[in-house]
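To keep things clear, I will list the structure first and then write my remarks on it.
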There are 2 protein chains.
Amino acid sequence: MTIQDRKQRENEARRRAILSASRLIAETEGWNALTTRRLAHEIEYSQPVIYAHFDGRDAIIEAIALEGFDELATVLSSARLTTADPRQALLALASAYSDFADRSPALYEAMFVARSTLSFANAATPDVMRAAFQEIVSAVRPFAAGRPPGVLAEVVWAALHGVCTLKRGSRLGPEPQSQRLEIIVGLVAG
Amino acid sequence: MTIQDRKQRENEARRRAILSASRLIAETEGWNALTTRRLAHEIEYSQPVIYAHFDGRDAIIEAIALEGFDELATVLSSARLTTADPRQALLALASAYSDFADRSPALYEAMFVARSTLSFANAATPDVMRAAFQEIVSAVRPFAAGRPPGVLAEVVWAALHGVCTLKRGSRLGPEPQSQRLEIIVGLVAG
DNA sequence: TCGAATTTCTAGCAACGATAGATTATCGTG
DNA sequence: CACGATAATCTATCGTTGCTAGAAATTCGA
């Protein structure tokens, strides 16, 4: 089976190469710069090889988004657990979310802006996506006060998503983002 | 000058035809369906005529976005003024915003999601865009309580923007949107 | 009514995502 | 080692996109 193994290893390595090259291109030059020709040149294979690994350009973006959910869940979790104080924990989570969006805007776009066949908020939702959302739920639960924690978490998430995307699109004023995050936390945590 | 006048009238009519045809296509089939060939066929002229009116496809989208800001400002203003109670006024504004995004998702996308050369929140910001934002500022001002009303308005706007875009992308749960709007208003208006 | 100016169209470019079919490399077997 | 079969990879191409140059047609003023 060693030959099969080697082929499988090579296949997986190439799949990873496609994903990391795509991510690098998207993060440095935007998703529009990710063309199949450019990508093929970058991984030093011809275009059809890409289609042996992914159904098409959109499938690559979705695979990258899935990577992102895993990373975001980790980031949010460690931020939330830096303190036992619920209010400070919520602020830490909000800052971590905003930093994540700032540091990897293309990744963030793939996860939360791009049209996608990934299913959110239902039975078919992948575990990594659930995990990321559950971090927000955990952070807001102490402040639920009768409100459904899941819906409150959606609202807080929406506020964070809004300030991140609007800021990214130069649609907000010059005030530092931290000011907006503190207002969000203040509204929730009283 | 009647010949000049007629030409100008025809020019303006054709410009309007381009915009309304584009908007219809985008609203019924999405922005991807707006191709210059399709648009040319729709307005019954050849492609180059489009470029006599707009610098390109993106310029059309921006012109449509500008129309949208005017419409949104009107919608928000009349919603806000349906009641003298600040809390009810804020809820009415939030509902009106959400309804606007629901009813014209393509228009909304052009205004708040698409990359754009329109400048937000600075000296060069067009009046219609200022007016729409000022409606939100007016609605939240009664609840500012020491916070800068402009930044608070940005946060409320971001929350509304977030719930609208995330819902549009099927990223939120099955609960009715009104539940989220009430939570947002509750957070701001105590 | 006719030459000049303007308007409009036809035809085409380069780049895109994607794929069919030829070509090369690799495999197990005698 | 050699060879036929299989698998992997590439070249070349398709249809579509935004956009534009240059030809053709129309409209204008004299």
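Order of the sequence lines sets the chain letters (A, B, ...), proteins ahead of strands, with each chain counted from 1. Computation of the quantities below employed the complete heavy-atom set of this structure, encompassing side-chain atoms and omitting hydrogens, waters and symmetry-equivalent molecules. Just so it is clear, the model here is predicted, and its values are computed rather than measured.
- Taking atom CD1 of B/I25 as the reference point, atom P of D/dG18 lies 11 Å away to the nearest angstrom.
- The environment of A/E44 atom CD is sparse: at most 12 non-hydrogen atoms of other residues, nucleotides or ligands sit within 6.0 angstrom.
- Here D/dC19 is the nucleotide among C/dC16, D/dC19, C/dC9 with the atom lying nearest to any side-chain atom of B/R57.
- Aromatic ring pairs are classed by plane angle as parallel below 30°, tilted from 30° to 60° and perpendicular above 60°; the pair A/Y108 and A/Y97 is perpendicular.
- Distance, A/R37 CZ to C/dA14 C1': 10 Å, rounded to whole Å.
- Spacing between atom OH of B/Y45 and atom P of C/dT6 amounts to 18 Å, rounded to whole angstrom units.
- At whole-Å resolution of the value, CG in B/D55 and P in D/dT20 are 9 Å apart.
- Of the candidate nucleotides C/dG12, C/dC16, D/dA21, C/dG12 has the atom lying nearest to any side-chain atom of B/Q47.
- Between the CD atom of B/E10 and the P atom of C/dT6 there is a distance of 16 Å, given to the nearest Å.
- Distance B/F54 CZ to D/dC19 P: 13 Å, rounded to the nearest Å.
- Between A/F69 and A/F133, the distance separating the two ring centers is not shorter than 6.0 angstrom.
- Backbone-only contact: A/L34 has heavy atoms under 4.0 Å from sugar-phosphate atoms and none from a base.
- When the side-chain nitrogen and oxygen atoms of A/T36 are compared with OP1 and OP2 of C/dA18, none of them lie within a distance under 4.0 Å.
- Atom-to-atom, NE2 of A/H41 to P of D/dC10 comes out at 13 Å; the value is rounded to the nearest Å.
- When each of C/dC16, D/dT9, C/dT8 is scored by its nearest atom to the side-chain atoms of B/R14, the top-ranked nucleotide is C/dT8.
- Put simply, the side chain of B/R57 gets close to the backbone of B/L34: a donor and an acceptor are under 3.5 Å apart.
- Comparing C/dC16, C/dC9, C/dA18 against the side chain of B/V49 picks out C/dC9 as the nearest.
- When distances run from any side-chain atom of B/S46 to the nucleotides D/dT9, C/dC9, C/dG17, the shortest one goes to C/dC9.
- A straight line from CD1 of B/I50 to P of C/dT10 spans 14 Å, rounded to a whole angstrom.
- By the ring pair (Phe, Tyr, Trp, His ring centres under 6.0 Å) test, A/F143 pairs with no residue at all, sequence neighbours left out.
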